[in-house]
There are 2 protein chains.
Amino acid sequence: MNNPSFRNWQSVQEEVLRRIHARVWKPGDLIPNEVDLALEFGCARTTVNRALRSLAESGLLDRRRKAGTRVAAQPVAKATLDITVIRMEVEGRGQKYGYQRIERREAVPPLAISGSMKTHATRSLLHVRALHMADDTPYAFEDRWINPEVVRDGLAESYETVSANEWLLKHAPYTHGEIAFSAISATSEEAKVLCCHQNSALFAIDRLTWDGASAVTKVRLLFGPGHQLRTNL
Amino acid sequence: MNNPSFRNWQSVQEEVLRRIHARVWKPGDLIPNEVDLALEFGCARTTVNRALRSLAESGLLDRRRKAGTRVAAQPVAKATLDITVIRMEVEGRGQKYGYQRIERREAVPPLAISGSMKTHATRSLLHVRALHMADDTPYAFEDRWINPEVVRDGLAESYETVSANEWLLKHAPYTHGEIAFSAISATSEEAKVLCCHQNSALFAIDRLTWDGASAVTKVRLLFGPGHQLRTNL
DNA sequence: AATAGTATTATGTCCATACATAAAAAACTG
DNA sequence: CAGTTTTTTATGTATGGACATAATACTATT
């Protein structure tokens with residue numbers, strides 16, 4: 001009719017976004033079906049589908065077969081955090097990366113660890129603790145348990161120069177995992193390692209990765225006071 | 001070639017995942033191009049494309065025109081956090097949601113606020129503070145500044161029964177935003193509101209949303225000790 | 001040998017068409 | 001009327017073919 005130039009899915013998406021934002025289609029509203037939109041935009045249905053599917057993935061639209069497509073009543077903001085190797089994270093900030101292994105030993109872990117990793121309570125695992133540094137100041141304290149049954153080559157590594165964080169990502173594949181973020185008070189030991197005061201509020205990332213039914217590794221990363229994890233919406 | 005063809009993109013994706021995981025294609029490796037894979041899998045190139053694109057979106061593959069597709073050397077784990085309305089979050093845990101407004105006033109904000117929201121330093125904003133509760137215990141402390149120039153109807157609301165958190169999501173659209181997670185020590189006032197000890201480590205979410213070039217609202221959510229934000233990989 | 005222009009190539013996307021599938025609505029049945 | 005079956009419908013996806021685009025590889029020019 002008027003603007004015949006919705007010739008790619010990005011422009012269709014933009015127009016849909018514009019309408020949502022301009023309240024032409026309000027939260028909860030049912031929007032026209034794909035066939036009608038394709039007709040209006042002068043493109044193929046597949047193109048409209050591509051645009052809408054992508055918006056649904058980002059949580060802005062709710063789609064159901066037969067029921068149609070509606071604007072999400074509660075736009076669930078999906079914040080995507082990129083969990084990279086710490087070295088990359090530090091270098092990405094333009095800082096010099098440093099690494100120092102603190103401890104490496106085989107030991108029977110506390111029950112909390114063997115329990116969540118579903119390893120036998122008396123089975124000994126590889127325990128590695130290390131400090132990541134940025135511009136020569138402490139950045140993150142890594143405390144990790146590795147399952148040697150799954151990561152067979154892992155026992156041969158010393159983790160003295162290459163962090164377990166980095167080595168595992170490259171050599172130990174995983175199928176899925178869990179990650180949790182929280183705030184904890186620094187113990188005296190943690191405070192000493194991170195050069196901060198005891199009971200400082202530290203940002204913690206706990207991660208547990210699996211290869212099928214077997215735990216690969218469980219790690220806690222403690223970041224120094226003031227650390228922020230940020231992303232865009 | 002024999003393999004009773006992969007007739008949908010999900011099964012193609014599974015097979016590709018299997019090969020990556022089984023180290024048939026190792027991190028950094030270049031994998032066959034779409035045409036060859038389509039031939040091997042006995043499906044259309046579009047189907048292979050769909051599977052690979054989806055894996056690239058989740059960070060497992062790196063794709064570049066002409067250069068081809070390769071297994072990500074550093075599989076960037078993308079953790080997607082669903083940021084919902086707090087009421088939904090609490091109810092989702094099977095707990096009873098409670099809400100209580102603490103304060104509501106118009107005031108000129110501190111420079112740190114007006115600065116990040118890019119409002120005029122002398123412009124007064126709407127300041128709302130409230131407590132979210134789960135099963136009658138404090139859950140999150142919300143401290144929010146609202147830009148009345150953008151959220152025109154916002155001044156009419158009392159936020160006494162419906163939280164600003166919820167009201168704004170429904171009535172104030174935004175184009176983009178920033179979100180940051182961190183750990184902070186509870187001040188004496190925060191400790192009092194959340195019924196915890198002073199200097200407890202609290203999990204903080206800071207969010208700033210924009211409507212084009214104007215800030216809509218800036219909010220800090222403080223969660224009680226022990227709170228975890230979790231997701232799967 | 002450095003530079004600019006050209007060819008090649010793998011991914012990216014659009015299209016028309018067809019069929020699959022989930023779920024709502026309507027029709028049917030006891 | 002409640003419960004079950006059938007129809008309808010909007011989204012989901014597969015296909016082959018075509019052209020677009022970005023980036024590398026190659027070639028000609030200076």
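Order of the sequence lines fixes the chain letters, A, B, ..., with proteins taken first and strands second; residue numbering starts at 1 for each chain.
The ring-ring contact (aromatic ring centres under 6.0 Å, His included) check on B:His21 picks up nothing, with sequence neighbours excluded. For B:Glu160, the side-chain contact (heavy atoms from CB on, under 4.5 Å) test picks out B:Arg101, B:Ser158, with sequence neighbours left out. Applying the side-chain contact (heavy atoms from CB on, under 4.5 Å) rule to B:Leu208 yields the partners B:Ser116, B:Met117, B:Glu178, B:Trp210, B:Ala215, B:Lys218; only residues at least two apart in sequence or on another chain are considered. Judged as a ring-ring contact (aromatic ring centres under 6.0 Å, His included), and not counting sequence neighbours, the contacts of B:Tyr99 are B:His132. Residues satisfying the ring-ring contact (aromatic ring centres under 6.0 Å, His included) criterion with A:Trp25, sequence neighbours excluded, are absent altogether. The side-chain hydrogen bond (donor to acceptor under 3.5 Å, both in side chains) test applied to A:Arg144 returns A:Glu142, A:Thr217, not counting sequence neighbours. Scanning for ring-ring contact (aromatic ring centres under 6.0 Å, His included) contacts around B:Tyr139 gives B:Phe223, B:His227, with sequence neighbours left out.
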Once each nucleotide of nucleotides 5-13 of chain C is scored for protein heavy atoms under 4.0 Å, what B/S/- sequence comes out, 5' to 3'?
-> ---BBBBBB
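Contacts between residues 12-19 of chain A and DNA chain C, counted as heavy-atom distances below 4.0 Å, involve no residue at all.
B:Tyr159 places a side-chain N or O within 3.5 Å of a backbone atom of B:Gly154 that can act as its donor or acceptor partner.
Between A:Leu61 atom CG and D:dA10 atom P the separation is 17 Å, expressed in whole Å. If you measure from atom CG of A:Leu30 to atom P of C:dA23, you get 16 Å, rounded to the nearest angstrom.
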Please tabulate the protein-to-nucleotide N/O contacts below 3.5 Å involving nucleotides 4-6 of chain D, giving atom names and distances.
none

Under 3.5 Å, sequence neighbours excluded: what are the donor-acceptor pairs made by side chains of residues 42-49 of chain A?
| unit_1 | atom_1 | unit_2 | atom_2 | d |
| --- | --- | --- | --- | --- |
| A:Arg45 | NH1 | A:Glu34 | OE1 | 2.5 |
| A:Asn49 | ND2 | A:Glu34 | OE2 | 2.9 |

Taking only distance into account, with no hydrogens and no angle test, what donor-acceptor pairs under 3.5 Å do side-chain atoms of residues 50-58 of chain B form with protein atoms, sequence neighbours excluded?
| unit_1 | atom_1 | unit_2 | atom_2 | d |
| --- | --- | --- | --- | --- |
| B:Ser54 | OG | B:Gln13 | NE2 | 2.7 |
| B:Ser58 | OG | B:Ser54 | O | 3.4 |
| B:Ser58 | OG | B:Leu55 | O | 3.1 |

